[in-house]
Each structure stands twice: as structure tokens, then as C-alpha cells.
**Student:** 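The structure that follows is given in the form of C-alpha cells.
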Amino acid sequence: MATATAISSSALLPCNLKAGILGPVRPQLDMRVSSSSATRGFGMRCAARRQTVESQRNRRSVEPVAAALAVTKTDAPAEEKAATAVNYEELARELEHASPLSIIDRALQMFGNDIGIAFSGAEDVALIEYARLTGRPFRVFSLDTGRLNPETYQFFDAVEKHYGIRIEYMFPDAVEVQGLVRNKGLFSFYEDGHQECCRVRKVRPLRRALKGLKAWITGQRKDQSPGTRANIPVVQVDPTFEGLDGGAGSLIKWNPVANVDGGDIWNFLRSMDVPVNPLHSRGYVSIGCEPCTRPVLPGQHEREGRWWWEDATAKECGLHKGNIPQDIHAASAIVDGAVKEVPDIMENRAIVNLTRSGMENLVKLERKKEAWVVVLYAPWCQFCQAMEASYMELAERLAGSGVKVGKFRSDGDQKPFAKQELQLGSFPTILFFPKHAQRAVKYQSERRDVESLLAFVKALR
């Protein structure tokens with residue numbers, strides 16, 4: 001499939017294509033008929049179709065059709081285009097505190113059949129439920145990378161049956177996948193990063209899908225990734241991809257649940273009794289391809305289940321990279337030592353804030369007065385932020401036990417030292433310095449709840 005083209009029957013009604021109803025961004029259509037008798041028949045069909053639409057809006061689903069009406073776009077005069085242009089920054093401010101239902105209703109009202117819901121097979125099924133509740137026709141598309149979990153494919157089928165829809169699946173180019181696998185193997189992303197594989201299997205198929213649309217709806221939330229998604233607006237001009245008309249500014253991106261907490265999303269899904277991916281009940285929160293997704297553990301951020309072998313700043317696959325340039329630059333500036341205004345974390349009187357010289361002494365001393373447990377962290381890292389409460393509780397419980405608890409900020413200028421001397425791989429890294437040994441023992445588990453950390457310390461003290 002080269003573009004997302006399947007559409008719903010009621011979305012094709014020409015009698016509804018009125019500027020006052022559809023808003024300024026809907027295309028004007030020149031419905032061409034060959035005779036006055038054809039025109040009269042067309043009007044009768046419109047009246048009959050209106051009744052059909054009203055009944056369909058009370059149903060749970062939108063049924064696709066096999067063929068579309070042949071329509072011809074007409075170019076509006078420049079004066080009219082200027083008069084009807086939408087300022088999406090102002091619209092984002094207007095809708096900042098609106099409900100997801102209101103935002104999706106506005107999106108569908110403005111773009112009709114030229115907008116699609118991006119469905120990943122996770123909790124973003126909430127977007128489909130909100131769309132159903134608007135009573136408007138809607139389209140859903142998804143990216144089948146060829147490496148999803150079996151449970152995700154079963155979930156796709158359950159969603160299609162529940163809503164009576166056909167999801168518009170986009171697939172990667174077979175020749176590109178073949179070249180990648182033959183040249184680098186099936187699991188090259190474990191060695192040189194996930195970006196290349198995601199570019200072939202996800203980004204390029206998405207680009208093809210969006211070229212058939214004028215807007216799309218995503219399930220991004222600010223709380224999903226504090227380091228990369230904290231500032232996403234509810235609607236914006238897509239800074240990365242192009243839409244149907246081509247060129248910069250030709251695609252609008254809607255993020256209707258941007259301001260919704262993940263817990264509230266799940267309360268909504270339970271209350272509406274909609275299908276959910278069975279992987280969620282097994283500890284998966286953020287769900288992607290099978291080799292790159294795993295359950296999250298107590299004390300971990302939800303995005304830590306994705307590409308866990310990489311640094312925290314790389315936790316995006318490229319689909320939403322354009323949303324986060326300022327955040328990515330800020331993270332890079334912090335890594336390079338240029339940004340100092342990020343508030344510190346894990347501030348507790350039981351936690352010693354170690355300096356570079358303090359860490360050098362810990363590394364050199366073979367005999368110490370006390371054992372130490374030290375976390376190598378960066379305050380902007382969402383995974384460090386996620387374990388803050390557990391680490392502070394650990395410090396309180398180890399107070400007076402003969403084990404000191406410390407932290408060492410290891411980004412910026414300190415990162416080369418931390419990588420070379422302190423076994424830093426990614427943030428956070430937890431080390432135990434035994435009382436009578438020089439070399440630190442690295443905590444290998446991804447469990448960062450206080451009981452797991454205590455068990456690690458007690459086994460080595």
C-alpha cells in the first residue's frame with residue numbers, strides 16, 4: 001500500500017461539503033454532473049444520504065467502502081485563502097484546556113476524510129473511542145513493521161471487530177528491509193542503535209501514509225517522556241512530515257491527549273470497556289516492536305521499556321522527532337556541560353552529593369571506613385527522575401548501617417570520566433563500593449524499587 005486510501009462511506013457525502021460546516025481548511029469540491037436530470041438525481045441522493053448519516057452517528061463504528069467519488073479540487077483565490085488561514089498556535093492556546101473529546105471533535109470537523117488516527121496497538125485505542133463518541137466518520141491507520149508481538153496483531157483484529165472498521169496498515173519497503181537484514185543481520189539495532197531500523201520499518205512507511213492526508217491524530221502525552229515530550233501542544237503544524245498538498249506546513253498534527261495523565265487514560269478505557277492489548281497486563285506500558293520492547297519494573301519510567309540498551313536521550317524512534325527539537329537540544333547541551341539551570345534531584349540529607357575528587361578517592365582507595373552505594377545520574381534524565389523516590393528511601397533505610405549513600409552527576413564534562421572509570425553505560429548507573437575492595441560492583445538489574453536495591457547492598461556489604 002503506497003498511501004492511506006481506505007475511507008468511510010459517510011465521509012464521502014458531497015451534500016455535507018459546505019464551508020460553514022466543515023471549516024476553512026476543508027477543500028472545496030467541484031462536483032461535476034452532465035445534465036440537469038443528473039443534478040436532480042444527485043440532490044435526491046443527498047437527502048437520502050443525510051438520513052443515513054444521522055443513523056450512522058448513533059452506531060459504534062464507521063464502515064469503509066470500496067470506491068470513492070471522483071472529485072476535482074479547485075484552487076481558491078489567494079484573497080480567500082488568506083482570509084480562511086488558520087493560526088494553529090492560537091488554536092492550540094484556545095484548546096489547551098479542552099477535553100480530548102472536544103479536541104478530536106474539532107479535528108474531525110475541520111478535516112473530515114483528510115485526517116487519520118495513528119494507532120500503535122497500545123493504550124492509544126482511547127483515540128478511537130473518543131472519535132467514535134463524536135459521532136463523526138473517522139479513519140485509522142497503523143504501521144506494521146513486521147516485528148510486532150503476536151498479542152499486538154491479535155489486538156488489531158479485536159479493535160477492528162469491536163468498532164467495525166478496517167485499519168489502514170502501512171508496511172515497510174521489502175527491498176529496504178531485505179537490504180538492511182542481509183547487510184547487518186536481524187538484530188543490528190542492539191549494536192549500533194535503533195534509528196536505522198526504525199527509519200526503514202516505521203518512519204518511511206509513515207511518511208507515505210501522511211502524504212495521503214492533510215492532518216493526523218497521535219496519542220502523545222507529556223507524561224510519557226518528560227525529557228522529550230514535555231512541551232507538545234494539542235495541535236501544531238507538523239515540523240517534520242508533509243501532507244497531501246506537499247511542502248512545509250502542509251500537514252497538521254493533533255495531540256488531543258497531550259495534557260492527560262496516563263492513569264486517567266486507563267480509567268477512561270476501563271469505564272468504556274474497550275479492548276486493550278493483553279501485553280499491558282504483563283507489565284508492558286509503552287509497546288513497540290517485540291525485540292525492542294519489554295515490561296517495565298517497579299521504580300522505572302514507562303519509556304524505559306523501549307530500547308533499554310541506549311542512553312535516555314535517544315528514546316524516540318523518529319515518528320515524533322520533529323516535536324522535540326528544543327528538548328533534544330537542551331539534553332545535548334546538558335550532556336555537553338552547557339546547561340546548568342535544570343533542577344537537581346535526589347536531594348536528601350542522607351545522600352552525599354559527591355564531587356569529582358570525591359569519586360576519584362572512592363575509586364583509588366582499597367580500604368575505606370565505610371562501604372558506599374553511589375548512583376551516577378543526570379537530573380534531566382526521566383529514568384533517573386523515576387527512581388528518585390526509591391533512592392531517597394534507600395538512603396533513609398541505610399542511615400547508620402555502615403553503608404553510605406551518595407550521588408554523582410555524570411553528564412556534561414564528567415561523562416567521559418564516568419564512562420572510563422565508573423562503568424557508566426546509561427543513566428542511571430548504580431555502583432557499590434565495598435569497604436575492603438577497590439573496584440566497584442555495578443548493579444546489573446533493571447529493578448530499581450527500594451527492596452531490590454536493599455537486597456543488592458545487603459548481598460555485598
Side-chain angles (χ1 to χ4, degrees), residues 190-193 227 299-301 304 307-315 330-340 342-348 350-388 390-392 394-395 398 401-448 450 452-461:
Y190 290 140
E191 299 175 4
D192 58 11
Q300 290 185 310
H301 188 274
E304 204 160 354
W307 310 294
W308 56 90
W309 62 92
E310 295 184 1
D311 199 353
T313 57
K315 301 288 184 174
S332 300
I334 293 168
V335 172
D336 295 336
V339 175
K340 304 298 183 182
V342 178
D344 202 5
I345 59 176
M346 291 181 276
E347 294 187 294
N348 186 292
I351 299 176
V352 180
N353 190 4
L354 292 163
T355 62
R356 169 72 174 265
S357 60
M359 287 305 303
E360 290 173 340
N361 287 335
L362 276 179
V363 171
K364 293 175 182 177
L365 290 175
E366 292 187 8
R367 299 183 64 85
K368 308 172 185 66
K369 292 183 178 179
E370 296 175 293
W372 282 79
V373 57
V374 179
V375 61
L376 311 181
Y377 76 104
W380 46 263
C381 169
Q382 64 265 40
F383 309 126
C384 299
Q385 295 166 7
M387 68 163 288
E388 181 178 21
S390 296
Y391 198 70
M392 290 195 296
L394 174 72
L398 288 177
S401 68
V403 178
K404 294 285 243 181
V405 178
K407 64 177 184 177
F408 177 61
R409 180 167 176 171
S410 303
D411 60 342
D413 294 339
Q414 305 303 332
K415 193 169 185 178
F417 164 72
K419 282 190 169 185
Q420 184 175 351
E421 302 292 339
L422 302 176
Q423 309 175 58
L424 175 66
S426 61
F427 297 119
T429 292
I430 300 171
L431 302 174
F432 183 82
F433 292 85
K435 185 175 181 180
H436 300 296
Q438 182 178 8
R439 183 165 177 79
V441 179
K442 185 176 180 178
Y443 182 59
Q444 300 291 346
S445 174
E446 295 293 337
R447 294 183 179 273
R448 300 190 187 112
V450 66
S452 297
L453 294 174
L454 274 173
F456 168 68
V457 173
K458 290 178 179 179
L460 296 173
R461 59 183 299 180

**Student:** Let me check something: any side-chain donor-acceptor pairs from residues 416-425 under 3.5 Å, sequence neighbours excluded? List them with distances.
**Tutor:**
residue : atom : partner : partner atom : Å
Gln423  : NE2  : Ala440  : O            : 3.2

**Student:** Can you name the side-chain contact (heavy atoms from CB on, under 4.5 Å) partners of Ser452, sequence neighbours left out?
**Tutor:**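 Ser452 satisfies side-chain contact (heavy atoms from CB on, under 4.5 Å) with Tyr443, Arg447, Asp449 once adjacent residues are dropped.
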**Student:** Find out whether Trp380 and Asp411 are in side-chain contact, i.e. whether some heavy atom of one side chain is under 4.5 Å from a heavy atom of the other.
**Tutor:**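 A side-chain contact under 4.5 Å exists here.
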**Student:** Tell me, do Val373 and Leu453 make a side-chain contact under 4.5 Å, heavy atoms counted?
**Tutor:** no
**Student:** Under 3.5 Å, is there a donor-acceptor pair between the side chain of Ser390 and the main chain of Arg448?
**Tutor:**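 At least one qualifying donor-acceptor pair exists.
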**Student:** Tell me the closest heavy-atom pair linking Thr429 and Lys442, and the distance in Å.
**Tutor:**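 So the minimum-distance heavy-atom pair works out to CG2-CE, 3.8 Å.
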**Student:** Would you mind writing out the side-chain donor-acceptor pairs for residues 356-363 within the sub-3.5 Å range, not counting sequence neighbours?
**Tutor:**
residue : atom : partner : partner atom : Å
Arg356  : NE   : Glu360  : OE2          : 3.0
Arg356  : NH1  : Gln414  : OE1          : 3.1
Ser357  : OG   : Thr355  : OG1          : 3.0
Asn361  : ND2  : Ser357  : O            : 3.4

**Student:** Would you name the heavy atoms of Met387 and Ile430 that are closest together and state the gap between them?
**Tutor:** CE-CD1, 3.9 Å
**Student:** For Tyr391, check side chain to side chain donor-acceptor pair (under 3.5 Å) against everything at least two apart and list the hits.
**Tutor:**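 Tyr391: no side chain to side chain donor-acceptor pair (under 3.5 Å) contacts found.
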**Student:** Do Leu398 and Leu454 make a side-chain contact, defined as non-hydrogen atoms from C-beta onward lying under 4.5 Å apart?
**Tutor:**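 With C-beta onward as the side chain, the pair touches.
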**Student:** For Glu370 and Lys435, indicate whether the former's side chain and the latter's backbone hold a donor-acceptor pair under 3.5 Å.
**Tutor:**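 A pair under 3.5 Å: no.
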**Student:** Roughly how far apart are Asn353 CG and Glu347 CD, rounded to 0.5 Å?
**Tutor:**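 Between Asn353 CG and Glu347 CD, I get 8.0 Å after rounding to 0.5 Å.
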**Student:** What I'd like to find out is whether the side chain of Tyr377 reaches to under 4.5 Å of the side chain of Asp344, using heavy atoms alone.
**Tutor:** yes
**Student:** To the nearest 0.5 Å, how far apart are CD1 in Ile351 and NZ in Lys404?
**Tutor:** 12.0 Å
**Student:** Taking all non-hydrogen atoms of both residues, which atom of Gly406 and which atom of Leu354 are closest, and how far apart?
**Tutor:** CA-CD1, 4.3 Å
**Student:** Applying side-chain contact (heavy atoms from CB on, under 4.5 Å), can you list everything that pairs with Leu460, at least two apart in sequence or on another chain?
**Tutor:** Phe432, Val441, Phe456
**Student:** Tell me the closest heavy-atom pair linking Pro379 and Gln385, and the distance in Å.
**Tutor:**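 Distance-wise, the nearest heavy atoms are O-NE2, 2.9 Å.
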**Student:** Return each pair, listed once, that meets salt bridge (Lys or Arg N to Asp or Glu O under 4.0 Å) where at least one residue sits in residues 452-461; pairs must be two or more places apart or across chains.
**Tutor:**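 Non-adjacent pairs meeting salt bridge (Lys or Arg N to Asp or Glu O under 4.0 Å): zero.
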